[in-house]
2 protein chains.
Amino acid sequence: MKINLTTQRKAVYDIILQAHDHPTAADVIERLRAAGHNFAYGTVYNSLRYLTDNDLIRELKLGEAASRYDARTEDHHHIVCIKCGRVDEVMTDVPQQWMEAVAEETGYVVHEATINLEGVCPACKTSKP
Amino acid sequence: MKINLTTQRKAVYDIILQAHDHPTAADVIERLRAAGHNFAYGTVYNSLRYLTDNDLIRELKLGEAASRYDARTEDHHHIVCIKCGRVDEVMTDVPQQWMEAVAEETGYVVHEATINLEGVCPACKTSKP
DNA sequence: ATTGAATTTATACTAAATCTAAATTCAAAT
DNA sequence: ATTTGAATTTAGATTTAGTATAAATTCAAT
Ligand SMILES: [Mn+2]
Ligand SMILES: [Mn+2]
Ligand SMILES: [Zn+2]
Ligand SMILES: [Zn+2]
């Protein structure tokens, strides 16, 4: 079906497109308010789901309480700073050979691998305790 | 501090030790009931947290709603069958070289990588649609 | 036996997200 | 232009997973 970008969906999409910090639904609502929009709570969730289902954005589950959203739909992974909570992109892809080893080990047909890393970001490395 | 395995904590631990399916807290409560125990809801959660904090078990966040628990504390990963929901172990470790490439790319000090795979398990591969 | 810290219990509460039913929007058909 | 109906939005209730609280209890050390 053709994609129907209503005012609300477009506004939500724009927030995600402009963000570079993988915002949560709560972040999105906050930024919509700041931009003068005041959509119903559920509409924002519906929009995020709609955009996700239509592959315009991606939903990230990084093991935190709330999902985050990402306008980059290419295959990539994420690393979270354990000091400041910052989330960065990991474009380096896992070796195909490793995926094959997993298929071999488990007997599964492997569809995809979601990789969430943890570490200390450059800024936090050089900051006082 | 010395580990204090109360009756409740021991019973919860035993359930996890005997399970090979990475049960959720709800699964644990169900199995405790079946074993004749009827602990307070919160006690099971407290016990799971206590056991996790003391490295007797591991908490898994596989991107599903509820956490799962695992008696295998060695470093390993998981693969979920998209047909039946089964969760299996992935012992094949990701190449150290890849971790180094990620550190290089992101500038992070990388502490750990959590890898959740998805695919179709051997049983579901050969079953009717 | 007495004390007190740790634990368990029952219950209330929270956070994230979904569901529901009424109100609205909006394009197509008359 | 008006009617129709499907899609969408809205406000609010509901669900799920888990945490917080405060009273009751357990239990080891005095
Ligand atoms: Mn990203
Ligand atoms: Mn495991
Ligand atoms: Zn940081
Ligand atoms: Zn399966």
Side-chain angles (χ1 to χ4, degrees), chain A residues 1-16 19 21-33 35-54 56-70 78 80 85 87 116, chain B residues 1-16 19 21-33 35-54 56-70 78 80 85 87 116:
Chain A
M1 231 297 239
K2 197 190 163 305
I3 285 168
N4 176 14
L5 276 194
T6 62
T7 309
Q8 290 80 353
R9 289 171 182 168
K10 179 71 167 55
V12 169
Y13 189 29
D14 283 343
I15 297 290
I16 309 286
D21 59 346
H22 305 88
T24 62
D27 293 333
V28 171
I29 290 169
E30 201 174 282
R31 291 170 203 189
L32 284 167
R33 294 250 163 79
H37 294 295
N38 210 329
F39 304 143
Y41 190 67
T43 299
V44 177
Y45 275 103
N46 283 343
S47 298
L48 289 168
R49 191 162 27 161
Y50 179 89
L51 296 168
T52 302
D53 288 347
N54 288 283
L56 294 176
I57 65 175
R58 274 182 55 190
E59 180 184 9
L60 309 181
K61 306 213 170 165
L62 304 184
E64 301 162 296
S67 286
R68 290 169 172 267
Y69 296 88
D70 194 342
H78 297 91
V80 181
V87 176
N116 301 323
Chain B
M1 231 298 239
K2 196 188 164 304
I3 286 168
N4 177 13
L5 276 195
T6 61
T7 308
Q8 289 81 353
R9 289 171 182 168
K10 180 68 167 55
V12 168
Y13 188 30
D14 283 343
I15 298 289
I16 309 286
D21 58 347
H22 305 88
T24 62
D27 292 333
V28 171
I29 289 169
E30 202 174 281
R31 291 171 203 189
L32 284 167
R33 293 252 163 78
H37 294 295
N38 210 328
F39 304 144
Y41 191 66
T43 299
V44 177
Y45 275 102
N46 283 343
S47 298
L48 289 168
R49 189 162 27 161
Y50 180 89
L51 295 168
T52 302
D53 289 348
N54 288 282
L56 293 177
I57 65 176
R58 275 182 54 190
E59 181 184 9
L60 309 180
K61 305 211 171 170
L62 303 184
E64 302 163 295
S67 286
R68 290 169 173 266
Y69 296 88
D70 194 342
H78 296 90
V80 181
V87 177
N116 301 322

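Naming convention: chains lettered A, B, ... in sequence-line order (proteins, then strands); numbering from 1 in each chain.
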Here the distance between atom P of D/dT8 and atom NZ of A/Lys2, to the nearest Å, is 11 Å

A/Tyr50 OH to D/dT9 C1', in whole Å, measures 14 Å

Separation of D/dT16 atom C1' from B/Glu30 atom CD, nearest Å, is 16 Å

Between B/Asp53 and B/Arg49, is the salt bridge (charged side-chain N to carboxylate O under 4.0 Å, His left out) condition met? List the steps. CA-CA 6 Å; B/Asp53 289 348; B/Arg49 189 162 27 161; 5.5 Å; no

Just by modelled atom types, is the A/Asn46 backbone N or O under 3.5 Å from a matching donor or acceptor in the A/Arg9 side chain? no

Closest non-hydrogen atoms of B/His22 and B/Arg68, given as atom of the first, atom of the second and distance, are O-NH1, 2.8 Å

Within residues 37-44 of chain A, the residues having a heavy atom closer than 4.0 Å to DNA chain D are A/Phe39, A/Ala40, A/Thr43

note: A/Asp53, atom CG; D/dT8, atom P; distance rounded to Å ~ 12 Å

- List the steps and the verdict of side chain to side chain contact (heavy atoms under 4.5 Å, CB included) for B/Leu32 and B/Ile15. CA-CA 7 Å; B/Leu32 284 167; B/Ile15 298 289; 3.7 Å; yes

Check the pair B/Val87 / B/Asp70 against side chain to side chain contact (heavy atoms under 4.5 Å, CB included), numbers first and verdict last.
-> CA-CA 11 Å; B/Val87 177; B/Asp70 194 342; over 6 Å; no

Taking OP1 and OP2 of D/dA17, is either one under 4.0 Å from a side-chain nitrogen or oxygen of B/Ser67?
-> no

Taken to the nearest whole Å, CG/B/Leu62 to P/D/dA17 is 14 Å

Closest non-hydrogen atoms of A/Thr24 and A/Tyr69, given as atom of the first, atom of the second and distance, are C-CD1, 4.4 Å

**Prompt:** Has B/Asn4 got a side-chain N or O lying under 4.0 Å from the OP1 or OP2 atom of C/dT7?
**Reply:** yes

B/Leu32 CG to C/dT9 P, in whole Å, measures 11 Å

Is B/Thr6 close enough to C/dT8 that one of its side-chain N or O atoms is under 4.0 Å from OP1 or OP2 there?
yes

A/Ile29 CD1 to C/dA16 C1', in whole Å, measures 10 Å

Below the 4.0 Å mark, does C/dT9 have OP1 or OP2 next to a side-chain nitrogen or oxygen of B/Gln8?
yes

When rounded to whole Å, the NZ to P distance for the pair A/Lys61 and C/dA16 reads 14 Å

Taking for B/Thr7 and for B/Ala26 the nucleotide of DNA chain D with the nearest heavy atom, the one nearer the 5' end belongs to B/Ala26

Margin query: Would you say CD of B/Glu30 has more than 12 non-hydrogen atoms from neighbouring residues, nucleotides or ligands within 6.0 angstrom?
Written below: no

Quick one: is A/Tyr45 getting a side-chain N or O under 4.0 Å of the C/dA17 phosphate, OP1 or OP2? yes

